[in-house]
Asks: 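Handing you this structure, nothing more for now.
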Amino acid sequence: MFGDGATMDTRLRTAVKAIRQRLEMQQWDLGKAIGVSRQTLSPIEAGETVPSTTSQLKLEVPAMSTCCLRKIRFASACLLALVVAAVLPGCGSSSVSKPADAAIVDGANPNVGLDAAQPDTAADMPVLADAVPNSGLDAPQADVVADTLAAVDDGGTDAGLDGTEADAVVDAKTVADLGQMADGGGGDAGPSTACSSLVNPLYIMAGDCQVPALKTLGKVLRQSANPITLAWRMAPSCAIIDALFHSTPMTQIPSYIPNDPTWNPVTGSVPSCALESGGHSVDIGMPVGFLESCTSDPLPSNLVAFKGPIQSLMFVVPHSASPQAISSQQATLVFGTGSTANISPWLDENFYFILQPTMAVQVSLGALIAVQAAKWHGQPQSSPSVVANAVAISTFPEKTIGILGGGIFDSGNNRANLKALAFQAVNQTNGYLPDSTATAFDKRSLREGHYLPWNQMVYMTKASSTDAGVSVPANANAKLVIDILANTANADMPPEVDPVAQVAQGGLVPLCAMAVTRTAEGGNLSLFAPPDPCGCYFESKVGTAPASCTPCTAGTACAAGITCRHGFCEANDGRTSLSDCSALPSGATHVQIINNSCTSGARFQSDPIP
């Protein structure tokens, strides 16, 4: 083990470095979040220590733990506090001066509700959420660090290294796994597998909402007759755009799809590989939202960009909270002004859990509610998954609110722990959920134009030639992946690949299921008729197709003006699965679209602004 003047316990140094890299933070940023200096973290990551470093950590851990359990303000600080408390001898123990009952979440029942057998102090903490015991982490066991560090259930987006426990922010199952976090047990040496040794590797930078789709598609492609290995690194959308625009290589360790036909894309372990010196060029960039939201520069001539599927966005509250809806005007005041706006019940911006200003969810929602992404009030978190957890386990649910993308909200236990708010747009008479009901996954209100918070995937790759004057991707494998995700015909598409199903399983909406579109981030809607409608088939993949959808087979005669597509008779206007809504005239205005009469769909009237 570790002692002053000796070599640092490799579990601690590996854990600290892996957490920081996973959260994509610099030493200065993490130090600021947890209340220590960069000079404190630097020797830890280098595997060195001095008495002052040890003493500072021992003194800081109880305070960090208390902040974590009482406020949940900085997820990175909370996580590091729990790791250090478990790994570093003496941290949080009775030999260290610390506040009494540091691990009590509500401070109302000392020595009760955590383990009752010991004093509820930092020494016998850390239960992450006594408000929802054994829920949202791993129900079979107590929610403690010794059990699991899976503080965020995002449905496997960042599944643990060994895949045997719930998914965690830092890709670790338990404290015992921390020494193997980056390399399977090799200390701080990094992954033993070279990325260059993978079969036909394709290097991707993607937002977190794209990862579920990459996993499901990646498994199919890795096991296909002409295998492709997807290797990806998550990054904020604006960072992806900047990297592609300036040909910046990928230098951070990527995850990749293993060569295992039994691997589960939701729960399976995701290995990582070592890049060559200097990194590797990015084959595909997958930002979310209009490129113009992040840069005023035009698309470079050496790149080609394609529009992809749609992601729902939402304002969320704890499942037990009473609010049902939020209007655009309320959201503008809450996140643009903060607590002083006096919008009940969101009266304390310490409980507004937001994201970084370069992340697509905040950029897109900001455009919709007219609050610049960099000017939001609230507590910035490192990822949507961290936001989901912070909202779910907030000790003050009624005053808590956060923002998420639909892929995260729809995954894992998040729907059980969180509640999406209906959104009422400007000039709209009611608020709507993205789905037809609170339990559906059909995104019907979004697809028909009643639910406005959404953004669109964009796929960028290098172009080297033109076909009839149109730029085409230089990398054939990159083109194949983009064509699958964008539901575009490709002669090389493996027969076992179902583009609509791949996108739907990732929590996204394929363009062929949409009936509306927009030309700017957060902009007005206009009608859209996809060239190959798939609304009925999409709904059959996320639930049950409505009665208006008639199954068919190739050659089956459908009614006049309707064609058998994807196994259903689909009208050319793409609205067969949306037939419960009134017909709109061609050229319908934005206001007509968002207030169109429908017989189904969850509707709410948001509270008036004080």
Side-chain angles (χ1 to χ4, degrees), residues 23-25 29-30 32-33 67-68 71-79 151-152 154 169 207-209 234-239 288-289 293-294 311-318 321 323 326-341 343 345-409 414 417-421 423 452-455 521-522:
L23 296 175
E24 298 183 350
M25 301 177 77
D29 298 320
L30 184 57
K32 181 179 179 181
C67 171
C68 171
K71 297 281 184 151
I72 316 296
R73 283 193 182 181
F74 297 99
S76 54
C78 303
L79 190 55
V152 175
D154 62 4
V169 177
D208 65 324
C209 63
M234 289 192 297
S237 287
C238 291
V288 186
S293 298
C294 293
Q311 173 189 219
S312 60
L313 308 173
M314 56 202 62
F315 297 93
V316 298
V317 297
I326 188 170
S327 69
S328 179
Q329 295 94 325
Q330 287 172 326
T332 299
L333 290 171
V334 168
F335 293 102
T337 306
S339 305
T340 59
I343 301 297
W346 305 298
L347 302 174
D348 187 348
E349 59 192 79
N350 289 319
F351 294 89
Y352 302 173
F353 295 104
I354 61 175
L355 290 164
Q356 304 299 319
T358 58
M359 292 184 173
V361 172
Q362 191 154 312
V363 171
S364 298
L365 283 176
L368 183 63
I369 65 172
V371 178
Q372 293 181 20
K375 296 184 177 181
W376 280 48
H377 286 249
Q379 305 302 320
Q381 305 298 307
S382 59
S383 74
S385 296
V386 177
V387 168
N389 186 62
V391 173
I393 65 176
S394 172
T395 53
F396 294 95
E398 197 65 15
K399 63 173 68 175
T400 298
I401 189 170
I403 57 174
L404 285 179
I408 297 298
F409 178 75
N414 287 330
N417 299 329
L418 304 172
K419 177 168 55 179
L421 296 178
F423 183 82
L452 273 66
W454 54 264
N455 55 17
E521 203 75 74

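As a basis for the values below, the full set of heavy atoms in this structure was taken, side chains included, without hydrogen atoms, waters or symmetry mates. From a predicted model like this one, the values you see are computed outputs, not experimental measurements.
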Asks: Okay, side chain of Ser394, backbone of Ala390: is any donor-acceptor separation there less than 3.5 Å?
Replies: no
Asks: Under a 4.5 Å cut-off applied to non-hydrogen side-chain atoms, are Glu398 and Pro318 in contact?
Replies: no
Asks: Taking all non-hydrogen atoms of both residues, which atom of Ala420 and which atom of Met314 are closest, and how far apart?
Replies: CB-SD, 3.9 Å
Asks: Minimum heavy-atom separation for Gly402 and Val387, please, with both atom names.
Replies: CA-CG1, 4.3 Å
Asks: Testing the basics here: between Pro345 and Pro323, what is the closest heavy-atom pair and its distance to 0.1 Å?
Replies: CG-CG, 3.6 Å
Asks: Just so I know, are the side chains of Leu347 and Lys399 near enough to count as touching, which here means a heavy-atom distance under 4.5 Å?
Replies: no
Asks: If you compare all heavy atoms of Ile408 against all heavy atoms of Ser385, which two are closest, and at what distance to 0.1 Å?
Replies: CD1-OG, 3.8 Å
Asks: Using a 4.5 Å cut-off on heavy atoms from C-beta on, say whether the side chain of Phe423 contacts that of Ile326.
Replies: yes
Asks: Which heavy-atom pair separates Cys209 from Val288 by the least distance, and what is that distance?
Replies: SG-CG2, 3.5 Å
Asks: Report the C-alpha separation of Phe335 and Ile401 in whole Å, then their side-chain angles, then the decisive distance to 0.1 Å, and conclude whether the side chain to side chain contact (heavy atoms under 4.5 Å, CB included) test is met.
Replies: CA-CA 10 Å; Phe335 293 102; Ile401 189 170; 3.9 Å; yes
Asks: Work out which heavy atom in Leu313 is nearest to a heavy atom in Gly405; give both atom names and the distance.
Replies: CD2-CA, 4.2 Å
Asks: Side-chain atoms of residues 363-373: list all donor-acceptor pairs with protein atoms under 3.5 Å, sequence neighbours left out, distances to 0.1 Å.
Replies:
| unit_1 | atom_1 | unit_2 | atom_2 | d |
| --- | --- | --- | --- | --- |
| Ser364 | OG | Ala360 | O | 3.1 |
| Ser364 | OG | Asn455 | ND2 | 3.1 |
| Ser364 | OG | Glu521 | OE2 | 3.1 |

Asks: Give me each pair satisfying side chain to side chain donor-acceptor pair (under 3.5 Å) with a member in residues 353-363, each pair once, sequence neighbours excluded.
Replies: none
Asks: Tell me whether Ser339 contacts the main-chain N or O of Glu349 through its side chain, where contact means a donor paired with an acceptor under 3.5 Å.
Replies: yes
Asks: Do Phe409 and Val316 come within less than 4.5 Å of each other through their side chains, counting heavy atoms only?
Replies: yes
Asks: Sequence neighbours excluded, which residues qualify as ring pair (Phe, Tyr, Trp, His ring centres under 6.0 Å) partners of Trp346?
Replies: none
Asks: If we ignore hydrogens and angles and just use 3.5 Å, is the side chain of Thr337 paired with the main-chain N or O of Thr340 as donor and acceptor?
Replies: no
